[in-house]
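Report on one structure; see the data block that follows.
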Amino acid sequence: MDINEKLRILSGAAKYDVSCSSSGSSRSSKKGDLGSVASGGICHSFTPDGRCISLLKILLTNYCIYDCAYCINRKSNDIERAAFTADEVVNLTMNFYRRNYIEGLFLSSSVFNTPNATMETLTRVVEKLRTEHGFKGYIHLKAIPGADEALIKKAGTFADRMSVNLELPSSQSLKLLAPDKTKENIFQPMKLIKNGIQISKSENKVFKRAPLFVPGGQSTQLIVGATKESDLNILNLSEGLYQKYSLKRVYYSAYVPVNTGQNLPELKNPPTLREHRLYQGDWLLRVYGFKAEELLNDKNPNFDINFDPKTFWALNNIHLFPVEINRAPYETLIRIPGIGVRGAQKILSARKISSLDFQDLKKLGVVLKRAQYFITCKGKYFGSVPLDEEKVKTALTPRFDLNILDNQGEQLNFFDKIDKKLLLPDNYDLNNASSKILLLNDRPSSLTGEL
Ligand code: SF4
């Protein structure tokens, strides 16, 4: 099979992994023009310092021995299949890198033949890139559950970041939709990578030239909406993963209904707003010091799609408000809906000089649309309705039901031209799935701004 065909098939197959978001654009150039864009394979990812980098995002193969119910690549699907050789991936990466198309490689794979055979080829790719070609660009590599420890350890010495996808949030769900996978098989490589990172960090403190092991840390992905777990179940799991395996990130992927089956939910569109709320909740865990069980509980196991998670928490804990802006410590200020880390820092610096009133907050650039209901300035409350759970809730409820966007709403397409043949069954509406990025960029103003 021609390498371009393989690239088309295997970059298309990689788009369901959300660790990087795909650019999806396609624009050719003619003589005299500068540059061009190809939709196949190039996507963007973000470095810890906020830089956006381009990655070649592909699967090694989409041949799979497993039959996970939710997956487009499952063995029972009749789709176009392809497999790169290790040398083909190496050559593509080097050629793209030399032409300045990419700054790194995101390499994942289905499980062909055996987990060991797959992991061995993935490892060969990264080893060749680093040792034979001196490639110093970024590499994100999947670890295949069930592969030998030695292979994963070796791969970790060449990759910047590794990820093992958990996909489903509980053992029961794995049994139901991915019976070939077990929780233990997935957690074992996670533990191995975590230990390797720890050892490498301590060795590097003593010996400057000690080899690095997965210096960019590890991540995982969870599918949201394919099974019955609540947001509380999912955030509890993420919290545990951050604590136990020191993950850098948990990515949430709204379930895209590409298959049908008796154990699969009947969804018309991917639950993208729920995914978005989970990302916001995850941010509150990692940056704002919230616990999953503070945000959600048995009475409220799911976020209300109409409110961001911090507003949802504040409405459920209205007895903790109003907070006096001139006295509250930093930890309390960042819990006020609408006031983020930067807003709280500005307030702390400004109030050293004089106590602040409502106008001062506006001048500081603090967003008061939501915060007004949860604060006092010099003892005075400025909310447009009295501080009462129902009244504030009504004042903050978006003018239309956001559920509509998730369930029935017609989403605009981000791109004019999309290759609709790409690996999808005839009855699948690609426009809705691919516009996930647009939904987050084009969302109503009640969803934007600081948490
Ligand atoms: S192992 Fe991965 S690629 Fe294979 S069917 Fe399951 S989810 Fe899909």
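One-based numbering, in listed order, for ligands and for the atoms of each.
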- Task: Write down, by chain and number, every protein residue that brings a non-hydrogen atom to less than 4.0 Å from an atom of ligand 1.
- Result: C64, Y66, C68, Y70, C71, R74, S110, K181

- Query: Any salt bridge between R124 and D87, counting N to O under 4.0 Å?
  - Reply: no

- Query: Any Lys/Arg nitrogen of D160 or R130 sitting under 4.0 Å from an Asp/Glu carboxylate oxygen of the other?
  - Reply: yes

- Query: Does F112 offer a backbone N or O that forms a donor-acceptor pair with the side chain of T118 under 3.5 Å?
  - Reply: yes

- Message: Between K6 and D2, does any side-chain N to carboxylate O distance fall below 4.0 Å?
- Response: no

- Using a strict 4.0 Å threshold on nitrogen-to-oxygen distance, state whether R277 and D308 make a salt bridge. no

- Query: Are R335 and E294 close enough for a salt bridge, meaning some N to O gap below 4.0 Å?
  - Reply: yes

